[in-house]
Amino acid sequence: MKSKVEAILRNTINDLIDKGDIPGIELNDDIVEVPPNKDLGDFATNIAMVMASKTKKAPREIAGIIADAMSSYQEIFEEVAIAGPGFINLYIKPAYWVNILRDIHIQKERFGTSNHGAKKKVQIEFVSANPTGPLHIGHGRGAAVGDTLARILTATGFDVQKEYYINDIGNQMEILGRSVFLRYLELCGQKKPFPEDGYQGEYIKDLASELKQGYGEKLLTYSTDDAIEASKEFAGKKMLDGIRHDLDMFDVSFDNWFRESALFKEGKIENTLSWLKDKGLIYEHDGALWFRTAKFGDEKDRVIRKQDGSLTYFASDIAYHKDKLQRGFKWIIDIWGADHHGYVPRMKAAIEAFGANADCFHALLIQLVSLVRAGTPVSMSTRAGEFVTLREIVDEVGKDATRYFFLMRRCDSHLEFDIELAKKRNEENPVFYIQYAHARICSILKKASKEGLTPDIKNADLGRLTTGDDLGLIKILAAYPTLLISCASALEPHRISFYLMDLASSFHRFYNKNRVISDDKDLTLARLTLIEAVRQVISNALWLMGIGAPEVM
RNA sequence: GCCCCCGUAGCUCAGGGGAUAGAGCACAGGAUUCCUAAUCCUGGUGUCGCAGGUUCGAAUCCUGCCGGGGGCACCA
C-alpha cells in the first residue's frame with residue numbers, strides 16, 4: 001500500500017514541478033512515512049518542508065498546492081490534510097484498504113514477494129565453519145540470519161545463491177588430524193602428552209573411537225605423517241557430515257559447498273597471484289609477499305605469503321572472492337562473526353583491486369550470543385573444548401524457538417539467549433505467542449468449515465469490514481510487502497519478528513473483542529476472509545524465518 | 001595507543017533527521033454460559049550514558065568524554 005501511495009505522490013509532485021507550481025527538487029527514495037499515531041493519517045509526507053528549506057518558501061503554502069492535487073484521487077483518499085509545520089497527512093478510504101485482502105487471497109504464499117531486486121545476482125556466504133568441530137551456538141545465529149536473509153532476498157526478487165566455504169586445508173585441519181590421532185593412540189594403549197594447541201573436546205575422543213572401528217590398529221603401522229593424514233581425512237569428513245546434518249535439522253540448506261582445496265587444485269590461487277603481480281599490486285619485502293591493500297583504504301599492506309613460504313588464509317580469501325566476482329555475482333554478502341571486523345577493510349580492498357566497486361561486497365557482522373541457563377552465563381571456547389553446540393540447544397528448546405531467538409535482535413547487537421525462556425510454552429515466549437495466533441485461526445476456520453462456511457474472496461462483502469478492529473488488522477497486513485523490502489535493503493531480518501509480534505497481538509486482541517462466526521452470515525463470511533488473510537501472512541512470515549506454522553497446538 | 005559495535009522503562013530490546021520516544025517480560029488487579037484463557041483488558045514509569053556542535057527540528061547526524069564488549073599477527 002505504501003508503494004502505491006508513494007507512486008501517486010511522486011507522479012503528482014513531478015507534474016506540479018513540470019507546471020512550475022512548486023519548486024523542483026530531486027526526490028529521495030523515501031518520501032512517504034507512516035505517522036506516529038492514527039489521528040495523523042495512514043501515511044504522511046514531509047516533502048513540502050524539505051522543498052521549503054531548500055528554497056526559502058513557506059512550507060504550508062507548498063503543502064497546500066500538493067495536497068490539492070492529491071485530493072483528486074478520490075477513490076483512494078478519504079482526506080488529505082495539512083498539519084503541523086507542513087506535513088501532508090493522507091487518509092486512505094476503508095473501501096480501498098480491503099483490496100489488500102483480494103491480493104492476499106489470490107497470491108497466497110507469494111503475497112509479500114516483489115521484484116524489488118530485479119533478478120540481481122547475489123551470493124550470500126554464511127556459517128563456513130571449519131570442519132574441525134561441531135557447530136556451536138554462534139554458528140547457529142549466523143546460520144539462522146544467513147538462511148532467513150537468503151529467503152528474504154529471494155522473496156524480494158533477487159537471484160540468490162547460498163554458499164558454504166569449507167576451510168578443508170591449513171593449520172586448523174592439521175591440528176584436528178593430530179588431535180584425533182593422539183586420542184587414537186591412547187585407545188591403542190599408547191598414551192602420549194596431549195599438546196596445548198590440540199583440540200580438547202570429548203568429540204575428538206568419539207572421532208578417535210570411530211577411527212579405530214574403521215581402521216583397527218592398522219594406523220600404527222603407518223608413518224606418523226601418513227597416520228595423521230589419514231586421521232585428518234577421516235575426521236574432517238565425519239565433522240563435515242555432522243555439520244551438514246546439524247544444518248539440515250535446523251532447516252538451513254546451501255546451494256553450493258565450496259572447498260578451499262579446490263582453489264589450489266584448480267590453480268586459482270596461482271592465477272590470482274600472477275594477476276595481482278601483473279597489476280603491480282604485490283611486492284616482496286623481508287622475504288614475504290605483500291598485497292598493497294593500503295592503496296585501497298586498508299590501514300597497512302597485508303602479507304599473503306609468509307617468510308616460511310606458506311600462504312596466509314588471506315591468500316585463499318582473495319582468490320575465493322575473485323572467483324565469486326568471476327561467477328557473476330553483483331552483490332556479495334559474507335556473514336562473519338563480529339570478531340572478524342578488522343578483516344573487512346582488507347577484503348574490501350581486494351574487491352576494489354579486482355576492479356569491482358567496494359559497495360558490491362558487504363560483510364555482515366554477527367555479534368556474540370551469550371547463553372543464559374538458570375541465571376548463569378555459559379562461556380564458550382572451542383579450544384578449551386567447553387562449548388554449547390547448536391545441536392544441544394535445538395534438542396533442548398526445539399528448532400522453531402531457537403531460530404526465533406536468533407532472529408529477534410539486530411545482528412550488531414549482543415544477543416542474550418535465555419534457554420529457560422525459549423523452552424516455555426506460554427505467553428512469556430514470543431514464538432509460541434505467534435504460533436498460537438496461527439493455530440487459533442486454523443481452529444476457527446475448521447469450525448466454520450463444519451458449518452459449511454469457508455473464506456470466499458469472490459463472494460464476500462468486504463464492505464462489512466468497517467470496524468476499527470477489522471481495518472486495524474488489514475492495515476498491518478498491507479504493510480507486509482514494504483516490510484520485506486526494508487528487511488532486504490537494510491539486511492535486517494529481525495524486523496520480521498517485531499512485525500509478527502504486532503500482527504499476532506492485533507489478532508489476539510481482535511479475537512477477544514469480536515466474534516468471527518456469528519448469526520450475521522455476511523459479516524461471518526467477510527471476517528473469514530480476513531482471518532484467512534491474517535493466517536496466510538503469519539504463515540508466510542514464519543516461513544521466511546524458518547519456523548513452522550502449526551494448525552493445532 | 002588506534003579501530004569497530006553497543007549504551008533508550010526494573011530486565012531484554014525496537015525506533016537510526018520529523019509530530020506526544022515504543023514493545024515484550026516482570027509487578028498488581030480484572031475478564032471465560034459463546035470460534036483454543038497458551039488469550040485479552042486496566043494500571044506507569046524515562047536526565048534516550050555525559051557534554052558540546054550542525055539543523056526550522058536530534059534518541060537519530062558530527063566531535064569529545066565516560067562505561068561495556070570485541071578487534072588491532074608473516075594466527076585462523
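Numbers restart at 1 for each chain; the letters A, B, ... are given by sequence-line order, proteins then strands. The structure presented is a predicted model; accordingly, all values stated were derived computationally and were not measured.
The gap from the C1' atom of B/A28 to that of B/C4 amounts to 44 Å, rounded to the nearest Å.
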So which protein nitrogen or oxygen atoms get under 3.5 Å of nucleotides 39-43 of chain B's nitrogens or oxygens?
residue, atom, partner, partner atom, Å
B/U39, OP1, A/E427, N, 3.3
B/U39, OP2, A/E427, OE1, 3.3
B/U39, OP2, A/E427, OE2, 3.4
B/U39, O2', A/R440, NH1, 2.9
B/U39, O2', A/N512, ND2, 2.6
B/U39, O2, A/N512, OD1, 3.4
B/C40, OP1, A/Y433, OH, 2.2
B/C40, O4', A/N512, ND2, 2.8
B/C41, OP1, A/R509, NE, 2.9

Please tabulate the protein-to-nucleotide N/O contacts below 3.5 Å involving nucleotides 67-70 of chain B, giving atom names and distances.
residue, atom, partner, partner atom, Å
B/G70, N2, A/H341, NE2, 2.5

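Sorted by first and then second residue, the pairs that involve residues 34-43 of chain A and meet salt bridge (Lys or Arg N to Asp or Glu O under 4.0 Å), not counting sequence neighbours, are A/D42-A/K475. Residue pairs that meet the side chain to side chain donor-acceptor pair (under 3.5 Å) test with at least one member in residues 281-291 of chain A, sequence neighbours left out, are A/Y283-A/D301, A/E284-A/R305. Applying the side chain to side chain donor-acceptor pair (under 3.5 Å) test to residues at least two apart or on different chains, none of the pairs has a partner in residues 442-453 of chain A.
A donor atom on one side chain and an acceptor atom on the other are found under 3.5 Å apart for A/R403 and A/T148.
Remark: A/E492 pairs with A/R495 by the salt bridge (charged side-chain N to carboxylate O under 4.0 Å, His left out) rule, at least two apart or across chains. Applying the side-chain hydrogen bond (donor to acceptor under 3.5 Å, both in side chains) rule to A/T454 yields no partners; only residues at least two apart in sequence or on another chain are considered. Residues that satisfy the side-chain hydrogen bond (donor to acceptor under 3.5 Å, both in side chains) test with A/R141, not counting sequence neighbours, are absent from this structure. With sequence neighbours excluded, no residue forms a salt bridge (charged side-chain N to carboxylate O under 4.0 Å, His left out) with A/R60.
Across all strands, A/K450 comes closer than 4.0 Å to no nucleic acid atom at all (heavy-atom distances). Using a 4.0 Å heavy-atom cutoff across all strands shown, A/Q307 reaches at least one base atom of the nucleic acid. Base contact: A/D286 has a heavy atom under 4.0 Å from a base atom. Counting any heavy atom pair closer than 4.0 Å across all strands shown, A/V344 reaches no nucleic acid atom. At a threshold of 4.0 angstrom between heavy atoms, the contacts of A/D301 with the nucleic acid are absent. Within the 4.0 angstrom heavy-atom criterion, only backbone atoms of the sugar-phosphate kind lie near A/E299; the bases stay farther away.
Proximity of the aromatic rings of A/Y164 and A/F126 is defined here by a centroid distance below 6.0 angstrom, and this criterion is not met. Under the 6.0 Å cut-off for aromatic ring centres, A/F77 and A/Y91 do not qualify, their centroids lying 6.0 Å or more apart.
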**OP:** Could you encode protein contacts along nucleotides 15-23 of chain B as a string, one character per nucleotide from 5' to 3', using B for base contact, S for sugar-phosphate-only contact and - for no contact, with a heavy-atom cut-off of under 4.0 Å?
**Re:** SB-BBB---

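No more than 12 heavy-atom neighbours from other residues, nucleotides or ligands sit within 6.0 angstrom of CD on A/E551.
With B/A76, B/A38, B/C74 as the candidates, the nucleotide lying closest to the side chain of A/M553 is B/A38. Among the nucleotides B/C35, B/C13, B/C75, the one closest to the side chain of A/K306 is B/C75. For A/V516, the side-chain atoms get nearest to B/C35 when compared with the rest of B/U12, B/A76, B/C35. Checking B/C75, B/C13, B/C35 against every side-chain atom of A/E416, the shortest atom distance belongs to B/C13.
With hydrogens and angles ignored, no donor-acceptor pair closer than 3.5 Å exists between the side chain of A/R409 and the base of B/C13.
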Original post:
For RNA chain B, what dot-bracket results from Watson-Crick or G-U pairs at under 3.5 Å, with [ ] for crossers and | for inter-strand partners?
Top reply: (((((((..((((....[...)))).(((((.......))))).....(((((..]....))))))))))))....

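When the side-chain nitrogen and oxygen atoms of A/K300 are compared with OP1 and OP2 of B/C2, none of them lie within a distance under 4.0 Å.
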Enumerate donor-acceptor pairs with a distance under 3.5 Å from any side-chain N or O in residues 337-344 of chain A to protein atoms, sequence neighbours excluded.
residue, atom, partner, partner atom, Å
A/Y343, OH, A/D317, OD2, 2.9

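For A/K424 and B/G24, the NZ to C1' distance is 13 Å, given to the nearest whole Å. Between A/R346 atom CZ and B/C75 atom C1' the separation is 11 Å, expressed in whole Å.
In this structure, SG in A/C487 is found 4.5 Å from CD1 in A/I496, a value given to the nearest 0.5 Å.
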